[in-house]
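What you see is a predicted model, and the numbers here were worked out from it, not measured in a lab. Values reported hereafter were calculated over all heavy atoms of this structure, with side chains retained and with hydrogens, waters and symmetry mates removed. Order of appearance sets the numbers: ligands from 1, and atoms from 1 within every ligand.
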Amino acid sequence: MNAPTNDHLMNTYARMPVAFERGEGAWLWDDKGHRYLDAVSGLGVTALGHAHPRVAEVICDQARLLMHTANLARIPWQEKLADRLAEISGLDRSFIANSGTEAIECALKIIRLYGHDRGLENPGVIVMENSFHGRTLAALSATGSRKVQAGFEPLVGGFVRVPFNDARAIRKIADAPNEVAAILLEPIQGEAGIVVADDDYLREIRQVCDEQGWLLAVDEIQSGLCRSGNWFAHQHAGIVPDIITSAKALANGFPIGACIAGGIAAGLLTPGRHGSTFGGNPMACRTACAVLDFMEQEELAQRSAKLGDRILDGFRERLNARPEVVEIRGRGLMIGIEMECDVNHLKDRALEKNLLINVTRNKIIRLLPPLIIDETQADQIVHTICELIEEFAPAKA
Ligand code: PLP
């Protein structure tokens, strides 16, 4: 069921029949005054919840002081944010953009420069099946979904696709003559339905990159910033990539993206080679600094790990025996329930029960609740979704 859409908006989204007017923490209220529990966070964005007082305060204060100056002058809040990103990532330098897909574009441009510096004529990037990296032309070309790419050909070239979580496929490319400059992957595939990379796999591809002189770029746009139970999901494997892309939760809803790079990759962009009018303005950067401070002070990574385990245990206890549930998986507060059949309509049924969920690839219930939810709210998410699944598919006798 899709709501009637406005005739003056391009028809890009299949929207749910609801309009939200305000929010507080994990709660949202629609224009009729009904309250909903948000288990999606605007697709992994509002990690600190809605109308977070500290975020609201810095946005109001900065709007009164100075919203924007171009990158023609120094921007102290941008410098401060870059310092913070270096601290939490272990990488040296950031480029601040406005969105996830722009962070990916920046990463891909760095990879191209790196490849050319190494003498490759057509530097390639190994990317994954079922990945999602965004909607601009290079990002959608890197994306492993024909649905995202169809109609936008000719795609940007140079991407070599392999199955996710399969180190042998990467070794096979490495063992033959190749023009690869980098590997790009999500440590937890989000759009694919919360598919977690094995820690051993991440360690092995780090090793292949080191052996081959390839850059390792990890897309942490959805999985990063405490959601998986660590600042970044790849940190569970104890590896350090060469490039990290971040966005979504970075300013809790204020548009921002960051491409963070270390070592040789950190120094390849020089004046005139990349830029953005809005990217890195004082408003976005100060907001992001406040978000990172709050995440650290409130230990949201630990909280996410703990509550994520609670939700996963709850689902496993109640749903494991059900034949129509294929798999319950996740890390921290990034959780997927893969179902046997199409469950797209469950998001509308959930809405009727005052719960906001997401369904990806038609068969996977995807949950990205705010990291500030409490145990009661976590239990409510489990209870309502189990009820929905039980009602939708009664247990076979
Ligand atoms: N990469 C990943 C892993 C994502 O999940 C997304 C968005 O869902 C993007 C990139 C694109 O980010 P944005 O929508 O901010 O351009």
Side-chain angles (χ1 to χ4, degrees), residues 10 12-15 40-47 89 94-111 125 127-145 147-149 152 156 159 161 164-165 182-197 202 216-228 230-234 241 243-260 276 278-280 284 287-288 291 330-336 357-361 364 366-369:
M10 290 196 192
T12 46
Y13 302 105
R15 298 179 196 270
V40 181
S41 309
L43 283 170
V45 171
T46 49
S89 68
S94 288
F95 177 83
I96 310 298
N98 308 290
S99 64
T101 199
E102 282 176 66
I104 291 288
E105 293 289 327
C106 180
L108 294 173
K109 284 176 75 173
I110 291 173
I111 290 167
V125 186
V127 289
M128 302 297 145
E129 287 174 6
N130 300 327
S131 61
F132 184 82
H133 298 295
R135 301 282 187 170
T136 50
L137 268 177
L140 75 83
S141 303
T143 290
S145 158
K147 203 173 141 200
V148 171
Q149 296 173 339
F152 300 113
V156 173
F159 295 106
R161 203 165 301 285
F164 189 61
N165 254 336
I183 299 178
L184 168 66
L185 86 166
E186 298 154 86
I188 303 177
Q189 291 190 324
E191 292 295 309
I194 317 296
V195 186
V196 183
L202 289 179
L216 176 58
V218 294
D219 180 347
E220 293 268 11
I221 287 165
Q222 194 167 141
S223 57
L225 303 174
C226 301
R227 181 153 295 280
S228 76
N230 230 327
W231 274 117
F232 294 105
H234 67 267
I243 301 175
I244 300 171
T245 54
S246 180
K248 288 200 185 272
L250 187 51
N252 208 53
F254 199 93
I256 192 167
C259 176
I260 316 162
S276 164
F278 289 132
T287 310
V291 168
R331 201 163 210 177
L333 286 173
M334 207 170 168
I335 293 167
I357 63 167
N358 178 252
V359 173
T360 180
R361 294 195 166 239
I364 304 147
R366 174 172 51 162
L367 303 174
L368 303 163

Quiz item: Looking only at side chains, do T101 and T136 share a donor and an acceptor under 3.5 Å apart?
Solution: yes
Quiz item: So is D219 in contact with ligand 1, going by heavy-atom distances below 4.0 Å?
Solution: yes
Practice problem: Looking only at distances, please establish whether an N/O atom of ligand 1 is found under 3.5 Å from an N/O atom of K248. | Solution: yes
Self-check item: With sequence neighbours excluded, residues passing side-chain contact (heavy atoms from CB on, under 4.5 Å) with A251
Solution: F254, I256, T287, A288
Exercise. Write down the atom of H234, the atom of I244, and the distance for their closest heavy-atom approach.
Key: CE1-CD1, 3.5 Å
Quiz prompt | Shortest protein contact, atom 15 (O) of ligand 1 (heavy atom only) | solution = G100 N, 2.8 Å
Practice problem: Please round to the nearest 0.5 Å and tell me the distance separating atom CG of L43 and atom CD of E191. | Solution: 7.0 Å
Quiz item: Is there at least one pair of N or O atoms, one from Q222 and one from ligand 1, spaced under 3.5 Å apart?
Solution: yes
Self-check item: With sequence neighbours excluded, residues passing side-chain contact (heavy atoms from CB on, under 4.5 Å) with R361
Solution: N130, S145, A192, I364
Practice problem: Considering only non-hydrogen protein atoms, determine which one is nearest to atom 16 (O) of ligand 1 and report residue, atom name and distance to 0.1 Å. | Solution: T101 N, 2.8 Å
Quiz prompt | Proximal ligand 1 atoms for E186, defined as those under 4.0 Å from one of its heavy atoms | solution = 3 (C)
